[in-house]
Amino acid sequence: MFLEFKKEVECVLKDALEKASYKYEDLELEESEHADISSRVAFSLARTQKKPPEIIAEDIVTHLEIPVEDTLIANAVSAGPYINFSVNDLFLHKTLIGIEGGIVSLEKRGKIIIEHTSANPDGPLHIGHLRNAVIGDVLVRVLKYAGYNVETQYYVNDMGRQIAVVVWGAERIAFDNAKKADHAVADVYIAANRMVEENSDFLKEVDELLRRYEAGDPEVVQRYEEVVKKCLSGIQASLERLQIRHDVFVLESEFVRRGAVEAVIEELKQKGEIKRDGSALLLQLKGIEKALVIQRTDGTSLYTTRDLAYHRWKDKNCDRMIDVFGKDHELVSQQLVKALELLGVKAPEFVIFAFVSLPSGSLSTRAGRYISADDLMEKIEERAYNEVDKRRTDLDDGKKREIARKVGIGALRYDMVKVSPDKHIMFDFDEALDIEKKGAPFVQYSHARACSILRAAEERGFVGQSPTGDYDPTLLRERSEIDLIKKLSKLDSIIEEAASELRPHLVAKYARELAEIFNLFYKDCPVLNAEDELRKARLVLVDGARIVLSTVLDMLGIEAPEEM
RNA sequence: GGGCCCGUGGCUUAGCCCGGAUAAAGCACCGGCCUUCUAAGCCGGGAAUCGCGGGUUCGAAUCCCGCCGGGUCCGCCA
């Protein structure tokens with residue numbers, strides 16, 4: 001609803017500026033603590049008009065014509081150089097009605113293919129992949145709420161040397177079937193890697209496997225597929241536990257076998273600036289010092305070339321492509337854009353996140369130095385269980401486990417997405433496992449409180465069939481009631497901002513602030529014990545809060561328990 | 001060495017793209033609030049030369065230049 005209010009303010013202000021014949025570039029609207037929305041336009045007009053901004057603001061206000069009917073604006077006043085607008089009762093009422101009517105984007109926008117996680121199938125997901133996965137997944141959810149048709153893809157790097165190492169190792173070392181599949185694969189990978197490092201003959205065998213796989217040798221392909229499938233099944237199980245699912249898994253080897261990689265190389269030879277180093281092919285890209293190798297001396301393909309073919313394929317199937325990449329892929333992403341431009345493919349958009357490190361140093365699957373996402377989920381759920389157990393002696397164990405799972409995974413997801421992606425994270429076990437901080441549990445708790453009130457209301461027979469059917473919105477006059485409605489009204493602008501700027505942490509911030517404001521309302525305004533009409537109105541508000549809280553939690557991929 | 005990113009109370013961050021009204025939160029610390037819908041909550045307190053130095057501007061955490069500290073990339077790896 002806030003966006004509608006903003007639109008109306010824009011209209012009214014624009015008219016006033018024209019009527020007063022001011023030439024402006026921007027309305028300079030901003031949300032502020034002093035008004036529901038305010039304009040700083042008088043500042044920039046002051047320069048050209050050579051008059052003090054206060055005078056100009058005053059003058060603009062006299063030209064403002066706020067409609068008498070069907071408006072969301074209560075009034076507009078100048079406050080020094082600022083022009084402050086505030087919302088009226090209709091705005092508050094329409095906000096609540098709108099929420100009860102359901103939160104769906106009216107606008108239908110284009111198709112977006114978003115690629116995220118895409119961890120190599122050589123072991124389980126670790127904490128670094130977790131940031132990628134959660135950022136990507138929240139983005140997917142936000143974009144869907146914003147009206148886009150979103151397809152999520154996991155790009156499987158099945159042609160890398162590390163997979164060849166696993167395939168090689170699988171011949172000599174048995175998978176531990178007692179373990180989760182991806183962990184068993186990692187064990188073989190780590191052990192095989194050690195063997196290969198110590199013996200260069202082994203290395204040659206690995207290279208031979210790589211060559212035969214790329215050539216499509218059926219026997220080798222089958223062995224590869226088994227390993228990849230095995231590892232991926234474990235990874236998918238972890239993702240599922242995190243409430244993440246991909247629509248499509250795309251194997252990079254497909255592009256080699258289909259001849260798409262070859263086609264890309266041929267086309268780049270025509271359209272790009274190609275250099276040769278022996279029989280290897282290098283592509284010189286504008287603005288990038290380092291030439292990009294697009295084909296090895298032995299004729300086999302490289303990751304970046306295969307990625308070009310992948311993006312070309314995606315391009316045909318969508319309006320926008322978004323890739324969630326780690327900081328280490330930044331140069332690659334620039335090369336990708338430049339090379340794709342040569343191929344006439346639209347530029348992908350990137351969400352680049354900085355790394356997660358451990359106090360003990362950087363992460364490495366190969367060296368076996370990582371915290372697996374599984375371990376982390378296990379521990380955080382256990383911690384959450386202890387908290388639930390402490391507070392809810394009345395519940396049976398199954399119910400407690402259920403809540404612990406939602407709270408634990410929620411806390412983990414929130415921790416991954418709350419910080420701006422370009423901020424480096426030092427992962428601290430205790431901090432991430434701390435359920436009490438103002439993270440997911442705090443928001444979930446507010447939701448549970450709202451549910452609790454509604455549950456009690458129903459038990460006492462207070463809730464009618466149509467919650468918004470007949471209530472008097474003007475009874476909601478308390479400061480915390482109005483603040484809460486206003487916060488609820490911002491949902492649309494938060495979705496819009498997070499979607500257009502691809503900044504998922506804005507949703508996390510909004511969720512926390514909304515919970516905070518709901519808690520204030522909860523403390524200030526008794527609902528069940530209020531007088532009849534007021535209770536009716538407050539129940540509408542509580543239900544609205546419940547809906548928006550569960551919506552933002554859903555956007556964050558966090559489950560919303562009805563009791564905690 | 002070059003490119004990109006980060007540097008905001010003791011700690012973790014928001015705000016920076018798009019400059020404006022007392023720099024906003026959480027954690028930790030200190031003190032208060034459960035006979036009323038869940039205290040995983042609420043209220044109050046102390047605590048910041050917004051890395052440093054210049055510049056632009058009526059006005060800079062925000063824009064520009066330089067420097068310092070940290071990260072990351074600069075593979076015929078992925």
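Order of the sequence lines sets the chain letters (A, B, ...), proteins ahead of strands, with each chain counted from 1. These values consider heavy atoms only, across backbone and side chains, with no hydrogens, waters or symmetry-generated copies. Note that this is a predicted model, so its numbers are computed, not measured.
Residues satisfying the salt bridge (charged side-chain N to carboxylate O under 4.0 Å, His left out) test with A:Glu516, not counting sequence neighbours, are A:Lys438. Every side-chain contact (heavy atoms from CB on, under 4.5 Å) that A:Ile517 has, sequence neighbours left out, goes to A:Asp483, A:Leu484, A:Lys487. In this structure A:Tyr385 satisfies the ring-ring contact (aromatic ring centres under 6.0 Å, His included) test with no other residue, sequence neighbours excluded. In terms of the salt bridge (charged side-chain N to carboxylate O under 4.0 Å, His left out) criterion, A:Asp307 has no residue partners (sequence neighbours excluded). Qualifying salt bridge (charged side-chain N to carboxylate O under 4.0 Å, His left out) partners for A:Arg131, counting only residues two or more places apart in sequence or in other chains: none. In terms of the side chain to side chain donor-acceptor pair (under 3.5 Å) criterion, A:Arg512 has no residue partners (sequence neighbours excluded). Every residue two or more places apart in sequence or in another chain that forms a side-chain contact (heavy atoms from CB on, under 4.5 Å) with A:Gln49 is listed here: A:Tyr22, A:Leu45, A:Lys51, A:Ile56. The salt bridge (charged side-chain N to carboxylate O under 4.0 Å, His left out) search around A:Glu214 returns none, not counting sequence neighbours.
Comparing B:G9 with B:C50, their C1' atoms are spaced 10 Å from each other, to the whole Å. Taking the C1' atom of each, B:G70 and B:G51 are spaced 11 Å apart, rounded to whole Å. Spacing of C1' atoms, B:G20 relative to B:A39, comes out at 41 Å, to the nearest Å. Annotation: B:C16 and B:G53 have their P atoms spaced 24 Å apart (nearest Å). When the C1' atom is used for both B:G59 and B:G46, the distance is 31 Å, rounded to whole Å. Spacing of C1' atoms, B:G15 relative to B:A25, comes out at 11 Å, to the nearest Å. Distance noted for atom P between B:C18 and B:C73: 29 Å (whole Å). Separation of the C1' atoms belonging to B:G41 and B:G26 is 15 Å when rounded to the nearest angstrom.
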Given Watson-Crick and G-U pairs under 3.5 Å, RNA chain B in dot-bracket ([ ] crossing, | other strand) is (((((((..((((......[...)))).(((((.......))))).....(((((..]....))))))))))))....
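Note: A:Asp434 CG to A:Glu431 CD = 7.5 Å, rounded to the nearest 0.5 Å.
Checked for salt-bridge contact, A:Arg455 and A:Glu459 miss the test: no charged N lies under 4.0 Å from a carboxylate O. The pair A:Glu330-A:Lys327 meets the salt-bridge criterion, with a side-chain N (NZ, NE, NH1 or NH2) lying under 4.0 Å from an Asp/Glu carboxylate O.
Taking atom CG of A:Leu45 as the reference point, atom C1' of B:G20 lies 14 Å away to the nearest angstrom. As a whole-Å value, the separation of A:Asp307 CG from B:C76 P is 17 Å. Atom CG of A:Leu210 and atom C1' of B:C77 are 11 Å apart (whole Å). Distance A:Glu330 CD to B:G2 P: 18 Å, rounded to the nearest Å. The nearest whole Å value for the distance from the CZ atom in A:Arg40 to the C1' atom in B:G59 is 12 Å. In this structure, A:Gln335 places its CD atom 13 Å from P of B:A78, rounding to the nearest Å. Rounded to an integer number of Å, the gap from A:Arg538 CZ to B:U36 P is 17 Å. Counting to the nearest Å, the P atom of B:A78 and the CE atom of A:Met159 are 9 Å from each other.
In A:Glu531, the CD atom is crowded: over 12 heavy atoms of neighbouring residues, nucleotides or ligands sit closer than 6.0 Å. Heavy atoms of other residues, nucleotides or ligands lying less than 6.0 angstrom from NZ of A:Lys269 number more than 12.
Sorted by residue number, the members of residues 295-302 of chain A with any non-hydrogen atom under 4.0 Å from RNA chain B read A:Arg296, A:Thr297, A:Leu302.
Nucleotide B:C42 carries an anti base; the chi torsion (O4'-C1'-N9-C4 or O4'-C1'-N1-C2) is more than 90° from 0.
Within the nucleic acid shown, A:Asn84 comes within 4.0 Å of at least one base atom, counting heavy atoms only. Residue-level contact check: A:Cys451 touches neither bases nor backbone, having no heavy atom under 4.0 Å from any strand. Among the heavy atoms of the strands lying under 4.0 Å from A:Leu331 are primed sugar atoms or P, OP1, OP2 only; no base atom is included. Across all strands, A:Glu563 comes closer than 4.0 Å to base atoms (heavy-atom distances). When heavy atoms are screened at a 4.0 angstrom cut-off, A:Ala448 is found touching base atoms of the nucleic acid. Backbone-only engagement by A:Val293 is indicated by non-hydrogen atom pairs under 4.0 Å involving sugar-phosphate atoms exclusively. Among the protein residues, A:Val542 comes within range of no part of the nucleic acid, since none of its heavy atoms lies under 4.0 Å from any strand. A:Gly80 comes within 4.0 angstrom of no nucleic acid atom, judged by non-hydrogen atoms across all strands. Using a 4.0 Å heavy-atom criterion, one finds that A:Asp277 contacts the bases of the nucleic acid, with or without backbone contacts as well. Heavy atoms of A:Arg306 sit under 4.0 angstrom from primed sugar atoms or phosphate atoms, though from no base atom. In this structure, A:Arg512 reaches the sugar-phosphate backbone alone: every heavy-atom distance under 4.0 Å involves primed, P, OP1 or OP2 atoms, never a base. Using a 4.0 Å heavy-atom distance criterion, A:Gln444 is classed as making no nucleic acid contact.
Geometrically, A:Lys490 engages A:Phe2 in a cation-pi contact defined by less than 6.0 Å to the ring centre and at most 45° from the axis. Judged by the 6.0 Å and 45° rule, A:Arg535 forms a cation-pi pair with A:Phe462.
A distance-only check finds no donor-acceptor pair linking the side chain of A:Glu563 to the backbone of A:Ser452 [under 3.5 Å]. Put simply, the side chain of A:Lys338 gets close to the backbone of A:Lys286: a donor and an acceptor are under 3.5 Å apart.
In this structure, the aromatic ring of A:Phe43 is positioned over the six-membered ring of the base of B:G20, centres within 5.5 Å and planes within 30°.
A donor N or O paired with an acceptor N or O is not found under 3.5 Å between the base of B:A78 and the side-chain atoms of A:Thr304.
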In B/S/- notation (B base, S sugar-phosphate only, - none; protein heavy atoms under 4.0 Å), nucleotides 40-45 of chain B written 5' to 3' is BSSS--
Enumerate the protein-to-nucleotides 11-17 of chain B contacts in which both atoms are nitrogen or oxygen and the separation is below 3.5 Å.
residue : atom : partner  : partner atom : Å
B:A14   : OP1  : A:Ser420 : N            : 3.0
B:A14   : OP2  : A:Lys423 : NZ           : 2.4
B:A14   : O2'  : A:Lys509 : NZ           : 3.4
B:G15   : OP1  : A:Arg503 : NH1          : 3.4
B:G15   : OP1  : A:His505 : NE2          : 3.3

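Mapped onto RNA chain B by nearest heavy atom, A:His34 and A:Ala456 fall at different nucleotides, with A:His34 at the one closer to the 5' end.
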